Protein chains: 2
Amino acid sequence: MGKQMTEMLKGTLEGIVLAILSGRPAYGYEITARLRDQGFSDIAEGTIYALLVRVEQRGLVDVEKVPSEKGPPRKVYSLNAQGREYLDEFWRTWSFLAERLEQLREGGKQT
Amino acid sequence: MGKQMTEMLKGTLEGIVLAILSGRPAYGYEITARLRDQGFSDIAEGTIYALLVRVEQRGLVDVEKVPSEKGPPRKVYSLNAQGREYLDEFWRTWSFLAERLEQLREGGKQT
DNA sequence: CGAGCTATTAAGTGTTGCTAGGTAGTGGTA
DNA sequence: TACCACTACCTAGCAACACTTAATAGCTCG
């Protein structure tokens, strides 16, 4: 998509990835592919890997190395307790913002 | 609010301000005050002014200097045609993101 | 005059996603 | 063998954005 999407993803992409991990553990390549399937057609692989490094360093996820039939071993990430807290906080922040924006969109139609 | 909000505002704050301007023209100080009233309690003044400079340079708004009863003259910004287009694009981008996130929030409850 | 409110501007910082490239393992094919 | 495609991960450098902090400037009132 465009530049607007790039900027809008800042701050939300992290939550999106954590939300995906809250469903079930996954590895980077898989997450990228799933995002593409869901319509985020041009999220760069490098972006996801860098993001995963960040959340790992913050202790929001646990990591396990799992051998792959095809290619190098996978790093499988799973959300831990701290990550779940962080995700809850993310949803609260998101809800606040989404409500305000919905109000603005309604209000903008007349006035 | 917290750091999550700061990051999440990147890309959306611009749309928020343009949406406010789509209702009626306004000047920086006023916009800041209105945002505070709407719950964005700690958006820095400097942030809004910098944002207004950006959107002006991109030609999304028209500017008019209006004398104030109290203090220096105000720079009153109003959304122009190009700005309206940009705002439409913003809403489309937002809608896409909001839909995906709503799906993720629903899906995350079981699985 | 000095305090406090109105109103704008500007320099420097940290976080984030993107670009562009590299490393590595496996399997298929000419 | 040599080459290519797919899987899977990593890294360095860049641009954009919101924040912090501080400065500037005009007006009113005690």
Side-chain angles (χ1 to χ4, degrees), chain A residues 1-18 25-36 40-58 60-61 63-77 86 90 93 97, chain B residues 1-18 25-36 40-58 60-61 63-77 86 90 93 97:
Chain A
M1 304 235 142
K3 201 162 105 351
Q4 294 207 25
M5 182 57 95
T6 294
E7 292 307 322
M8 221 179 275
L9 280 175
K10 292 186 181 177
T12 56
L13 183 56
E14 191 174 286
I16 289 171
V17 169
L18 294 180
Y27 55 98
Y29 192 82
E30 180 190 2
I31 294 172
T32 306
R34 243 199 272 181
L35 286 174
R36 285 196 210 285
F40 295 103
S41 48
D42 48 28
I43 288 185
E45 272 193 87
T47 301
I48 299 300
Y49 287 113
L51 191 158
L52 288 171
V53 167
R54 284 205 303 273
V55 295
E56 181 186 355
Q57 282 176 346
R58 287 191 210 145
L60 306 179
V61 292
V63 189
E64 196 191 355
K65 247 188 183 154
V66 177
S68 163
E69 319 85 40
K70 305 185 161 195
R74 299 165 172 166
K75 283 181 73 175
V76 175
Y77 295 84
Y86 190 86
F90 169 79
T93 307
L97 197 59
Chain B
M1 303 239 145
K3 198 163 111 345
Q4 295 209 23
M5 182 58 95
T6 294
E7 292 307 322
M8 221 179 277
L9 281 175
K10 291 185 180 177
T12 56
L13 184 56
E14 191 174 285
I16 290 171
V17 169
L18 293 180
Y27 54 98
Y29 194 83
E30 181 190 1
I31 293 172
T32 306
R34 240 198 275 180
L35 286 174
R36 285 196 210 286
F40 295 102
S41 48
D42 47 29
I43 288 184
E45 274 193 86
T47 299
I48 299 300
Y49 286 113
L51 191 158
L52 288 171
V53 167
R54 283 203 304 272
V55 293
E56 182 187 354
Q57 283 174 345
R58 287 192 212 146
L60 306 178
V61 293
V63 189
E64 197 190 356
K65 249 190 180 152
V66 177
S68 162
E69 318 87 39
K70 303 187 162 193
R74 298 164 173 167
K75 284 179 75 174
V76 175
Y77 295 84
Y86 189 86
F90 169 80
T93 307
L97 198 57

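Quantities reported herein were computed from a predicted structural model and do not represent experimental measurements.
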Query - Given DNA chain D, 5'-ward residue of the pair B:Arg58 and A:Glu30, judged by closest heavy atom - result: A:Glu30
Report task. Enter the distance from A:Tyr77:OH to A:Ile48:CD1 here, rounded to the nearest 0.5 Å. Result -> 11.0 Å
Query raised in the report: Taking atom P of D:dC17 as reference, at what distance in whole Å does atom CE of B:Met5 sit?
Result: 19 Å
Query raised in the report: Taking 5' to 3' order, which nucleotide of DNA chain C is first and which is last to have an atom within less than 4.0 Å of a heavy atom in chain B?
Result: C:dT6 to C:dT16
Report task. Please report the closest heavy-atom contact between B:Tyr27 and B:Lys75, naming both atoms and the distance. Result -> CB-O, 3.1 Å
Query - Inter-residue atom distance B:Arg54.CZ - B:Gln57.CD, 0.5 Å rounding - result: 9.5 Å
Query - Distance below 4.0 Å between A:Tyr27 side-chain N/O and D:dA8 OP1 or OP2 - result: yes
Between the protein and nucleotides 18-20 of chain D, which nitrogen or oxygen pairs come in under 3.5 angstrom?
unit_1	atom_1	unit_2	atom_2	d
D:dA18	OP1	B:Leu9	O	3.2
D:dA18	OP2	B:Arg54	NH2	2.4
D:dC19	OP2	B:Thr47	OG1	2.7

Query raised in the report: B:Phe40 versus B:Ile16: any side-chain heavy-atom pair under 4.5 Å?
Result: yes
Report summary line: Closest heavy-atom pair, A:Ser68 versus A:Pro72, reported as atoms and distance to 0.1 Å, is CB-O, 3.5 Å
Query - Whole-Å gap separating P (D:dC27) and OH (B:Tyr29) - result: 16 Å
Report task. Please say which of B:Thr32, B:Leu9, B:Ile31 ends up in a side-chain contact (heavy atoms from CB on, under 4.5 Å) with B:Ile43. Result -> B:Leu9
Report task. Answer yes or no: is there an ion pair linking B:Arg74 with B:Glu30, defined by an N-O contact shorter than 4.0 Å? Result -> no
Query raised in the report: If we only count heavy atoms from C-beta on, is the A:Phe90 to A:Leu18 side-chain gap below 4.5 Å?
Result: no
Report task. Can you measure from CG (A:Leu13) to CG (B:Leu97) and round to the nearest 0.5 angstrom? Result -> 9.5 Å
Query raised in the report: Which heavy atom of B:Tyr29 sits nearest a heavy atom of B:Tyr49, and at what distance?
Result: N-OH, 3.3 Å
Query - Option from A:Glu7, A:Lys10, A:Met8 for which side-chain contact (heavy atoms from CB on, under 4.5 Å) with B:Thr12 holds - result: A:Met8
Report task. For A:Tyr49 and D:dA12, give me the distance from atom OH to atom C1', rounded to whole Å. Result -> 17 Å
Query raised in the report: Which residues, if any, of residues 67-76 of chain A bring a heavy atom under 4.0 Å of DNA chain D?
Result: A:Ser68, A:Lys70, A:Gly71, A:Pro72, A:Pro73, A:Arg74, A:Lys75
